[in-house]
Amino acid sequence: MTGNSVLCDMQARGPAMKVISLPRGRHQLHTMPTNAGYDRVQDCTYCWDGRRRGSTPFAIVQHTLAGEGNLRFEGRHYRLRAGDTMLVLVPHDHCYWLETGGSWEFFWIAMYGKEALRLQRALLDERGPVLRLSDKSIECLAENVDALIRSPELTAGRASALAYETLMALHDDLLVQDVALDATRTGVIASIQNHIHACLRCEPDTLAPQVEDDELDVASLAQLAGLSRSHFSRLFTRTVGMSPAQYVLNERMKRAAHLLEATDLSVKAIALSVGIHDPNYFSKLFRHAFSLSPSEFRLSGLYVNSRGRL
DNA sequence: ACGACACTACGATTCGTACT
DNA sequence: AGTACGAATCGTAGTGTCGT
């Protein structure tokens, strides 16, 4: 929560939504909002499945003010709490919903257009679907959503500008700051990422990882980086956009998916080769990542589609 | 900027069971 | 034998805070 006046006014006025219905054909603008609003939901029927919202692509930015929502995104579960901003593209394999007995207060903007989709995709690739924005960016989002809801005579150009300004705020907050990060620091993190990749890579004729997998725990990685565990964890998360443990797990799952697709090794052998000694636990992790068991995944041929998406 | 410490949520592991 | 899944337990990761 930022406590800025636009947000306070929005909350005081209560739930509101505006559908921006401007004739599509004439404008050809590359960023155009379709709807925006503010809501407090308590009804557990609130549930949006990204695969069941039609075939026309659009992007959603939804910022949580209070309560708690849930997001399943490419098989991973996120809890959306106050201060979290969710990004999703439709159509896509995700679902966000409210749990029974819960409440969720948020504002959102949905938009379509070539540039809107391109930027949203870039942000998702870089940062994932759940973000922590600066107060300044949240304020910008709130102001733009408020303007979209309340402007009595909204022209196509003005609507497009508000949506684009929203995306630019996200861009500056999340992508530009990466460039500004101290080069030495990012170099250290990059070398740790390389180390993780090296650990999980193995030669075609020997499936054993090149180094012991216990070198991939956070304490060992921190030691390698020459930093304390707590500081390393924070720095890694800030630089990469996910925690070191999460990053290692993602790399393990990517490698496992590749081995399932490219070899006929048993699930047990693949679990061992990615550094997970218990095939039962491996199956559990794999299902969590891909929404399929390893054997189902192998039969489905999904790896071709999942390449580079984890 | 970084380390040290403490706290807590949840991830990792083990075990038992069921199914093919 | 290989795999999947649920429950229970324990350890670790993430994070807040404070000090240097």
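Naming convention: chains lettered A, B, ... in sequence-line order (proteins, then strands); numbering from 1 in each chain.
Rounded to 10°, the angle separating the first-five-pair axis and the last-five-pair axis of the helix from B:dA1-C:dT20 to B:dT20-C:dA1 equals 40°.
Listed pair A:Ser233 / C:dA13 fails the phosphate criterion, with no side-chain N or O lying under 4.0 Å from OP1 or OP2.
Minimum interatomic distance between A:Pro91 and A:Gly54 (heavy atoms only, all atoms of both residues): CB-O, 3.9 Å. Heavy atoms only, all atoms of each residue included: A:Phe232 and A:Ile189 are closest at CE1-CD1, 4.1 Å. Nearest approach of A:Met32 to A:Ala159, heavy atoms of both residues: SD-CB, 4.1 Å.
Aromatic rings of A:His63 and A:Phe106 (six-membered ring for Trp) have centroids beyond the 6.0 Å cut-off, not under it. Outside the 6.0 Å centre-distance limit, the rings of A:Tyr46 and A:Trp97 are not counted as a close aromatic pair.
The side chain of A:Arg234 approaches C:dT17 more closely than any other nucleotide in the set C:dT17, B:dC2, C:dA13. Nearest nucleotide to the A:Ser230 side chain, out of C:dT17, B:dC5, C:dG14: B:dC5.
A:Ser160 places a side-chain N or O within donor-acceptor distance of the main-chain N or O of A:Thr31, the cut-off being under 3.5 Å.
Whole-Å rounding puts the A:Leu221 CG to C:dG14 C1' distance at 15 Å. Between A:Leu235 atom CG and B:dA1 atom C1' there is a gap of 10 Å when expressed in whole angstrom units. When the P atom of C:dT15 is taken as reference, atom CZ of A:Arg229 falls 11 Å away, rounded to whole Å. Rounded to whole Å, atom P of C:dT15 lies 13 Å from atom CZ of A:Phe232.
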